[in-house]
There are 2 protein chains.
Amino acid sequence: MHSLWVNILCYIAGILVVISMLPQVIKSFRTKSTKDISLSRSIIYAIGVVLWALYGILIHNGPLTAMNSVGATLGIMMLILKLKHG
Amino acid sequence: MHSLWVNILCYIAGILVVISMLPQVIKSFRTKSTKDISLSRSIIYAIGVVLWALYGILIHNGPLTAMNSVGATLGIMMLILKLKHG
């Protein structure tokens with residue numbers, strides 16, 4: 001397969017994983033109920049996406065930094081919602 | 001910063017994001033309660049991690065394929081738990 005398509009596949013996968021947090025944040029914000037969500041999950045995920053954003057900055061990759069900054073913001077928002085609503 | 005450490009940062013971030021799903025799967029499996037978890041989130045995340053595993057296979061990267069296969073397995077398990085328990 002052409003390497004361009006393979007790279008596009010990687011970007012699409014990354015965007016899906018990052019964006020998937022958006023409906024979760026919206027749902028938790030609306031229902032104010034997060035008891036089924038694992039606290040460990042929220043903490044580990046938030047640290048992971050913040051490190052990814054840092055990685056994007058360190059390698060001076062604009063699109064990656066933008067995507068991972070969105071991911072980090074959503075990850076931190078989810079952690080705050082979990083800590084707030086328990 | 002040395003590029004080796006920057007790459008290690010990326011791997012650590014990836015491992016944290018993938019592994020973070022494990023406590024969630026364990027929690028949902030035990031409690032059999034997933035109503036606070038977004039169905040859209042579970043579907044989009046599962047598609048994303050499956051594409052990432054496919055990406056690892058296509059670029060013939062063993063460690064990446066291994067990590068993303070774990071991620072895909074956990075993502076699919078979470079989706080099944082969500083579909084089962086609502």
- Item | Gap separating the OG atom of Ser33(A) from the NZ atom of Lys35(B), nearest 0.5 angstrom | 3.5 Å

- Message: Could you see if Val70(B) belongs to whatever hydrophobic cluster contains Val49(B)? Use Ile, Leu, Val, Met, Phe, Trp, Tyr and a side-chain cutoff under 4.5 Å.
- Response: yes

- Task: Under 4.5 Å heavy-atom distance to chain B, tell me which part of Thr34(A) shows up: side chain, backbone, both or neither.
- Result: backbone

- Message: With a 4.5 Å cut-off on side-chain heavy-atom distances among I, L, V, M, F, W and Y, is there a chain of contacts connecting Ile26(A) to Phe29(A)?
- Response: yes

- Task: Following the transitive rule for hydrophobic clusters with a side-chain heavy-atom cut-off under 4.5 Å over Ile, Leu, Val, Met, Phe, Trp and Tyr, establish whether Tyr45(B) and Val25(B) coincide in one cluster.
- Result: yes

- Flag yes if Val6(B) and Ile8(B) sit in one hydrophobic cluster, no otherwise; membership is Ile, Leu, Val, Met, Phe, Trp, Tyr, and two members link when side-chain heavy atoms are under 4.5 Å apart. yes

- Applying the 4.5 Å side-chain criterion to the ILVMFWY set and letting contacts propagate, would Leu79(A) and Ile44(A) be lumped into a single cluster? yes

- residues 10-22 of chain A vs chain B, non-hydrogen distance cutoff under 4.5 Å, contacting residues -> Cys10(A), Ile12(A), Ala13(A), Gly14(A), Leu16(A), Val17(A), Ser20(A), Met21(A)

- Can you name the closest pair of heavy atoms from Tyr55(A) and Asn7(B) and give their distance? OH-OD1, 4.1 Å

- Message: For the CG atom of Asp36(B) and the NZ atom of Lys32(A), what is their distance to the nearest 0.5 Å?
- Response: 13.0 Å

- chain B contact via Leu39(A) - which portion, at a heavy-atom distance below 4.5 Å: neither

- Message: Can you give me the closest heavy-atom contact between Ser38(A) and Gln24(B), atom names plus distance?
- Response: N-OE1, 2.8 Å

